[in-house]
Amino acid sequence: MLSCYYFMGVKIILFGKLADIAGSSVSVDNVADTDSLVDSLNKRYPELATTKYVIAVDKQVITENTVLNKKSMVALLPPFSGG
Amino acid sequence: MSDQNLYERYHRQIILPEFGEEGQQKLLAAKVLVIGAGGLGCPALQYLSAAGVGKIGIVDDDVVALNNLHRQVLYSVNDIGSSKAERAANILQQLNPEIKIIPYNERLTTQNALTITDDYDIIIDGTDNFSTRYMINDACVLLNKPLVYGAISQFEGQVSVFRNKNEYDVNYRDIFPDPPKDGEVLNCAEAGVLGVLPGIIGTMMANETIKIITGIGEPLINQLFTYNALNNQVYQLSLSARKETRSLIPKDESAFLQTDYEWLCAAPVQQNEIDSNVFNNMVANGNVDVVDVREPHEMPSVNEFKHIKIPLAQLAESTSLIKSENVIAFCQSGKRSLQAAKILSGIFGDRKKIYSLRGGIVEWKKQKQTV
């Protein structure tokens with residue numbers, strides 16, 4: 001499932017199992033960067049904390065904490081194994 | 001078949017200006033290995049055979065089952081119970097008798113992976129589990145082989161091309177460095193999959209392969225493409241290589257051969273810790289190998305029961321010394337023996353029952369004094 005949420009104007013797209021976990025409506029305050037975004041998500045959805053995914057900001061997969069602005073588009077993608 | 005017939009067969013793609021006779025010659029000279037002849041493999045194999053890829057290898061140790069047929073479109077009810085690799089090779093050879101198709105009716109393991117993949121120019125990963133996917137990724141990085149990756153879950157699919165030509169080329173471990181454990185991510189058998197989804201993703205994998213071979217268009221190198229069959233949303237991400245990725249991949253062939261991919265993906269094994277009483281009973285009953293995993297100089301020395309001495313660091317390479325079905329590891333305090341039990345469980349799997357003596361030999365000697 002794929003769904004979109006808006007955090008302080010930051011668009012978040014969740015893929016696969018992540019969308020199933022996070023449900024359909026979320027609002028989190030003060031997400032200045034991806035680390036704080038992950039913290040907020042983990043607090044609200046503990047299952048996310050134990051789920052593997054990769055974070056992309058503005059369609060670039062990131063490996064370090066990345067500053068977000070109101071126009072940032074964040075995507076969280078889990079690995080798929082099916083074939 | 002005459003050149004005229006050959007020209008006729010591929011006429012509609014040869015007349016494409018970007019493709020031409022040159023593109024066709026490149027396809028006929030290409031060697032592609034498709035690992036997994038399932039949901040992704042079937043459509044990929046069909047289009048690559050039809051397009052005239054000169055040599056196609058098919059690796060799959062599975063047999064056709066009724067619940068495969070809704071998405072594995074090469075097979076029919078008459079094929080149920082037959083080897084997928086062999087049936088697929090047979091069916092595809094009828095579609096295009098001019099190409100060479102080689103079935104490998106075996107499971108890809110570290111022992112055969114490098115030998116099989118080395119015979120091909122491009123590898124297609126259409127497998128259904130993480131341990132094989134990580135193994136294929138690592139093999140392709142080691143051999144500098146381009147890998148066309150595709151994976152599906154329920155209504156969503158991912159496609160990427162790992163070129164593996166230089167250090168800036170992204171491979172699967174740049175996206176997901178470590179394999180998820182068993183059960184962490186559901187597979188198609190558990191989560192379900194819409195039959196047409198692997199048709200779409202597998203066909204895209206064939207398309208990427210043809211683009212790489214002929215040099216036309218822009219393959220998904222350093223890009224991850226995602227597709228959602230429910231709302232038709234596509235999302236394409238840019239990927240970059242990570243410095244630390246190389247350290248996660250076996251450094252050479254011999255390290256690759258020793259990597260246990262199934263263990264890397266296995267659900268955390270419940271280590272069986274036993275106390276001194278259970279230990280004494282088991283030793284008395286026999287059919288058990290007791291292994292001292294301490295260093296040779298460590299005290300107290302043990303002469304109360306028969307045991308084998310294999311220091312923890314040498315354990316993985318000395319497992320031939322362990323013969324019994326039941327194995328109990330012990331050390332000083334019970335910590336290293338837990339590690340040892342984990343290593344042995346990884347190596348022996350279900351073939352042996354592995355235990356660790358809780359509290360170690362120190363606790364055992366203490367119990368013995370109180371008795």
Side-chain angles (χ1 to χ4, degrees), chain A residues 1-7 9-26 33-35 37-38 41-42 45-69 71-83, chain B residues 35-41 71 125-133 150-158 170 172 174-181 184-193 197-198 201-202 222-224 226 228 230-231 233 235-245 265:
Chain A
M1 307 294 152
L2 181 143
S3 45
C4 306
Y5 308 127
Y6 292 86
F7 287 7
V10 178
K11 189 180 175 190
I12 296 175
I13 306 176
L14 297 118
F15 289 82
K17 186 187 171 190
L18 306 173
D20 296 340
I21 295 171
S24 56
S25 69
V26 170
D33 52 33
T34 49
D35 278 0
L37 173 69
V38 170
L41 284 171
N42 287 350
Y45 307 103
E47 211 185 323
L48 274 185
T50 56
T51 306
K52 267 202 170 62
Y53 57 85
V54 63
I55 303 174
V57 177
D58 298 329
K59 299 199 170 183
Q60 172 74 48
V61 170
I62 56 145
T63 53
E64 283 165 4
N65 189 21
T66 300
V67 174
L68 299 172
N69 62 53
K71 287 180 182 167
S72 301
M73 185 157 75
V74 180
L76 311 182
L77 294 96
F80 295 156
S81 70
Chain B
I35 306 173
L40 295 171
R71 66 191 187 287
D125 179 359
T127 59
D128 61 358
N129 64 86
F130 284 112
S131 56
T132 314
R133 287 183 177 280
I152 49 170
S153 181
Q154 296 189 322
F155 301 102
E156 288 175 68
Q158 302 173 341
V170 167
Y172 191 57
D174 289 306
I175 316 172
F176 300 106
D178 302 303
K181 298 292 179 193
E184 207 177 303
V185 178
L186 298 178
N187 61 30
C188 291
E190 297 156 326
V193 62
L197 177 71
I201 300 298
N222 297 354
Q223 303 278 314
L224 180 68
T226 73
N228 184 313
L230 286 181
N231 54 23
Q233 289 216 28
Y235 199 70
Q236 196 167 319
L237 302 170
S238 299
L239 306 165
S240 8
R242 308 185 198 212
K243 264 188 238 131
E244 54 277 26
T245 297
C265 300

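Chain letters run A, B, ... following the sequence lines, proteins first and then strands; every chain starts at 1. These numbers come from a predicted model, not from an experiment.
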Can you see which heavy atom on A:Asp20 is nearest to which on B:Gln154, and at what distance?
OD2-OE1, 4.1 Å
Once rounded to the nearest 0.5 Å, what's the spacing between atom OG of B:Ser240 and atom CD of A:Gln60?
4.0 Å
Of the backbone (N, CA, C, O) and the side chain (C-beta and beyond), which part of A:Pro79 lies under 4.5 Å from a heavy atom of chain B, both, or neither?
both
Honestly, the part of B:Leu197 sitting under 4.5 Å from a heavy atom of chain A is neither
Atom pair CD/CZ of B:Glu156 and A:Phe15 - distance to nearest 0.5 Å
6.5 Å
Cation-aromatic face contact A:Lys52/B:Phe176, 6.0 Å, 45 degrees
no
side-chain contact (heavy atoms from CB on, under 4.5 Å) assessment of A:Leu77 paired with B:Ile175:
CA-CA 10 Å; A:Leu77 294 96; B:Ile175 316 172; over 6 Å; no
Can you tell me how far the CG atom of B:Leu237 sits from the CG atom of A:Asp58, to the nearest 0.5 Å?
11.0 Å
Quick one: closest heavy-atom pair of A:Phe80 and B:Arg133, and the distance?
O-NE, 4.2 Å
Side chain, backbone, both or neither: which part of B:Pro179 has a non-hydrogen atom closer than 4.5 Å to chain A?
backbone
Is there a donor in the side chain of B:Glu244 and an acceptor in the side chain of A:Thr63, or the other way round, less than 3.5 Å apart?
no
For residues B:Gln236 and A:Lys59, report the shortest heavy-atom separation together with the two atoms involved.
O-CD, 3.6 Å
Side chain / backbone / both / neither for B:Thr127 at chain A, heavy atoms under 4.5 Å:
backbone
Look up atom CD1 in A:Ile13 and atom OG1 in B:Thr226, then write down how far apart they are to the nearest 0.5 Å.
8.5 Å
